[in-house]
Participant: 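What follows is a single structure, and I will ask about it in a moment.
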Protein chains: 2
Amino acid sequence: MALMAATQQVKRRATNQGAAVKDALAAEDTFRSAQDVYATLRANGEKIGLSTVYRHLQIFVDDGLADVIHKPDGESTYRLCGDASTTHHHHLVCRSCGKAVEIEGPAVETWADKVAAQNGFTDVNHTVEIFGLCASCAG
Amino acid sequence: MALMAATQQVKRRATNQGAAVKDALAAEDTFRSAQDVYATLRANGEKIGLSTVYRHLQIFVDDGLADVIHKPDGESTYRLCGDASTTHHHHLVCRSCGKAVEIEGPAVETWADKVAAQNGFTDVNHTVEIFGLCASCAG
DNA sequence: CGTCTTATCGGGAATCATTCCCAGTATGAC
DNA sequence: GTCATACTGGGAATGATTCCCGATAAGACG
Ligand SMILES: [Mn+2]
Ligand SMILES: [Mn+2]
Ligand SMILES: [Zn+2]
Ligand SMILES: [Zn+2]
């Protein structure tokens, strides 16, 4: 069989580059771009390459440890999932500083599935992101 | 005042390149990339440059005539709004062929605003897109 | 511990969508 | 018709992301 279960854990080596990327993400509750994470790490004297940053960010997403949001300009931003990482959720994101709050909307989930079914669509998923200015940035 | 109302109509010249781009979009009910529209027009013998295609697609978006959706890979895709273009709406999009259905969800709108307000966010907007396989592509 | 297999690194090249630039062209007002 | 200038388009530039591949280091095993 060529297809493995998506939840199959892959054996990974523990490297300090990987730890550094995770620490960088964990230090902020904001969605951050790969370029930004890379710049921060280098500024802190970390010895790491840009390719490696991209590699680990993608691994986190694959493992369900991080979420990715595409900014309007197309750039990908990443953030570690909170403690409630096991449940499906969405985000309320500050356009200015990137600060994000995990949100849930059961009603939205059922609505999305219903609308899709009514139109004959199957194998559905959805993206729901709310953007705005957080209290700090609004002042 | 440096800021004009977003609804202010700008005077534009009628060019056949602009018409060609609009016709190309109107011919399909799918979200299509600038590159795709460009390739189609050239294949049809239209005399038009890639820059011009991007230019007009952006104009349509600015004028509220078209919607733009960013595919997971980050590429922007465009589609003319339907007759109900005056009302705020979202889309149910086929992952395979790009076919899109305009959908409305009043409950989602109020939910989004409420969640944002509860968390002290202002000047909010949101993206809600449902992806799946249309009936044709599912067979 | 040493050795060995190989996953992981990382720097630079390559890709690719999108934007920029600007001299040439066509629109529409008068 | 004339004219000011909005529009055009081809090529260069940008910038994020991916590729490539020889060098490095994690960790299994004895
Ligand atoms: Mn959801
Ligand atoms: Mn909405
Ligand atoms: Zn903020
Ligand atoms: Zn389809």
Side-chain angles (χ1 to χ4, degrees), chain A residues 4 8-25 30-63 65-79 93 98, chain B residues 4 8-25 30-63 65-79 93 98:
Chain A
M4 299 291 287
Q8 176 68 43
Q9 252 307 354
V10 177
K11 183 69 174 182
R12 322 210 114 106
R13 289 183 180 173
T15 69
N16 44 18
Q17 283 93 340
V21 173
K22 181 176 286 189
D23 287 347
L25 280 189
T30 65
F31 274 87
R32 306 172 64 198
S33 69
Q35 300 283 349
D36 179 39
V37 169
Y38 172 67
T40 299
L41 289 173
R42 294 301 288 243
N44 285 27
E46 290 287 343
K47 190 78 173 64
I48 192 171
L50 180 58
S51 299
T52 302
V53 173
Y54 274 102
R55 192 178 297 130
H56 283 288
L57 290 175
Q58 190 53 55
I59 287 173
F60 295 157
V61 172
D62 292 342
D63 289 355
L65 296 178
D67 287 316
V68 54
I69 284 184
H70 295 82
K71 292 195 304 180
D73 66 17
E75 191 176 23
S76 297
T77 57
Y78 307 80
R79 201 192 85 145
V93 187
Chain B
M4 298 290 289
Q8 176 68 44
Q9 251 307 353
V10 177
K11 184 68 174 182
R12 322 209 113 107
R13 289 182 180 175
T15 70
N16 42 20
Q17 283 93 340
V21 174
K22 181 177 287 188
D23 288 347
L25 281 189
T30 64
F31 274 86
R32 306 171 64 198
S33 70
Q35 299 283 350
D36 180 40
V37 170
Y38 173 67
T40 299
L41 289 173
R42 294 301 287 245
N44 283 27
E46 290 286 342
K47 191 77 173 66
I48 193 171
L50 180 58
S51 299
T52 302
V53 172
Y54 273 102
R55 192 179 298 129
H56 283 287
L57 288 176
Q58 189 54 55
I59 287 173
F60 294 156
V61 172
D62 292 343
D63 289 356
L65 295 178
D67 288 316
V68 55
I69 285 185
H70 295 81
K71 292 195 302 179
D73 66 16
E75 190 175 23
S76 297
T77 57
Y78 307 80
R79 201 192 85 145
V93 187

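Numbered from 1 within each chain, the chains take letters A, B, ... in sequence-line order.
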Participant: Report the end-to-end axis angle of the helix from C:dC1-D:dG30 to C:dC30-D:dG1; each axis comes from five terminal pairs, and the value is rounded to 10°.
Facilitator: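 It comes to 40° between the two terminal axes.
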
Participant: Checking contacts here: which listed nucleotide (D:dG9, D:dT17, C:dC9) is nearest the side-chain heavy atoms of B:Ile48?
Facilitator: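 Nearest nucleotide to the side chain: D:dG9.
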
Participant: Return the polar atom pairs (N/O with N/O) between nucleotides 20-26 of chain C and the protein under 3.5 Å, or none.
Facilitator:
| unit_1 | atom_1 | unit_2 | atom_2 | d |
| --- | --- | --- | --- | --- |
| C:dC20 | N4 | B:Ser51 | OG | 3.0 |

Participant: Hey, are A:Gln35 and A:Tyr54 close enough side-chain-wise for a donor-acceptor pair under 3.5 Å?
Facilitator: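 A:Tyr54 vs A:Gln35: donor-acceptor pair found between side chains.
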
Participant: Output the residues of residues 70-77 of chain B in contact with DNA chain C, where contact means a heavy atom of the residue under 4.0 Å from an atom of the strand; sort by number or write none.
Facilitator: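 Going residue by residue through residues 70-77 of chain B, the ones with a heavy atom under 4.0 Å of DNA chain C turn out to be B:Glu75, B:Ser76.
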
Participant: Do any side-chain nitrogens or oxygens of A:Lys47 fall under 4.0 Å of OP1 or OP2 in C:dG11?
Facilitator: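 It does, given that an N or O in the side chain of A:Lys47 lies less than 4.0 Å from OP1 or OP2 of C:dG11.
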
Participant: Taking salt bridge (charged side-chain N to carboxylate O under 4.0 Å, His left out) as the test, write out the residues that go with A:Asp67, two or more places apart.
Facilitator: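 Expected list: none.
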
Participant: Just checking A:Thr52: base, sugar-phosphate only, or nothing, at a heavy-atom cut-off of under 4.0 Å?
Facilitator: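 Base contact - A:Thr52 has a heavy atom under 4.0 Å of at least one base atom.
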
Participant: Please identify each residue that fulfils ring pair (Phe, Tyr, Trp, His ring centres under 6.0 Å) with B:Phe31, with sequence neighbours left out.
Facilitator: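 So B:Phe31 forms a ring pair (Phe, Tyr, Trp, His ring centres under 6.0 Å) with B:His91.
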
Participant: So if I take residues 34-42 of chain A and measure heavy-atom distances to DNA chain D, which residues fall below 4.0 Å?
Facilitator: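 A:Gln35 - these, ordered by number, are the residues of the stretch whose heavy atoms sit under 4.0 Å from the strand.
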
Participant: Compare side-chain N and O positions of B:His56 against OP1 and OP2 of D:dC7 and report whether any pair is under 4.0 Å apart.
Facilitator: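 For D:dC7, neither OP1 nor OP2 has a side-chain N or O of B:His56 closer than 4.0 Å.
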
Participant: Please state whether the phosphate of D:dG9, meaning OP1 or OP2, lies under 4.0 angstrom from any side-chain nitrogen or oxygen of B:Gln17.
Facilitator: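 For D:dG9, OP1/OP2 do have a side-chain N/O of B:Gln17 under 4.0 Å.
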
Participant: Among D:dT17, C:dG28, D:dG10, which is the nearest nucleotide to the side chain of B:Ala14?
Facilitator: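 So the nucleotide nearest the side chain must be C:dG28.
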
Participant: Taking only side-chain N and O atoms of A:Thr15, does any of them lie within less than 4.0 angstrom of OP1 or OP2 on C:dC9?
Facilitator: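 Result: yes.
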
Participant: Locate the shortest heavy-atom distance separating B:Val53 from B:Ala34; write the atom from each residue and the value.
Facilitator: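 B:Val53 and B:Ala34 have their closest heavy atoms at CG1-O, 3.7 Å.
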
Participant: Would you tell me if any nitrogen or oxygen in the side chain of B:Lys11 comes within less than 4.0 Å of OP1 or OP2 on C:dT27?
Facilitator: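 Checking C:dT27 against B:Lys11, no side-chain N or O comes under 4.0 Å of OP1 or OP2.
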
Participant: How many angstroms lie between NE2 in B:His56 and CG in B:Leu65, if you round to the nearest 0.5 Å?
Facilitator: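 Answer for the NE2-CG pair, B:His56 versus B:Leu65, is 12.5 Å.
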
Participant: Nearest 0.5 angstrom please: B:Asp36 CG to B:Thr30 OG1, how far?
Facilitator: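 It comes to 7.5 Å.
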
Participant: Report the C-alpha distance between A:Phe60 and A:Leu25 in whole Å, list the side-chain angles of each, state the deciding distance to 0.1 Å, and finish with yes or no for side chain to side chain contact (heavy atoms under 4.5 Å, CB included).
Facilitator: CA-CA 11 Å; A:Phe60 295 157; A:Leu25 280 189; 4.0 Å; yes

Participant: When rounded to the nearest 0.5 angstrom, what is the spacing between OG1 in A:Thr15 and CD in A:Gln17?
Facilitator: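 Here the interatomic distance stands at 5.0 Å.
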
Participant: Out of B:Thr52, B:Ile48, B:Leu50, which one pairs with B:Leu41 under the side-chain contact (heavy atoms from CB on, under 4.5 Å) rule?
Facilitator: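 Going through B:Thr52, B:Ile48, B:Leu50 one by one, the side-chain contact (heavy atoms from CB on, under 4.5 Å) with B:Leu41 is satisfied by B:Ile48 alone.
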
Participant: Return the minimal non-hydrogen interatomic distance between B:His70 and A:Pro72, and the atom names on each side.
Facilitator: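 Minimum heavy-atom contact is NE2-O, 2.8 Å.
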
Participant: What distance do B:Asn16 atom CG and B:Glu46 atom CD have between them, rounded to the nearest 0.5 Å?
Facilitator: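 If I round to the nearest 0.5 Å, the distance is 7.5 Å.
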
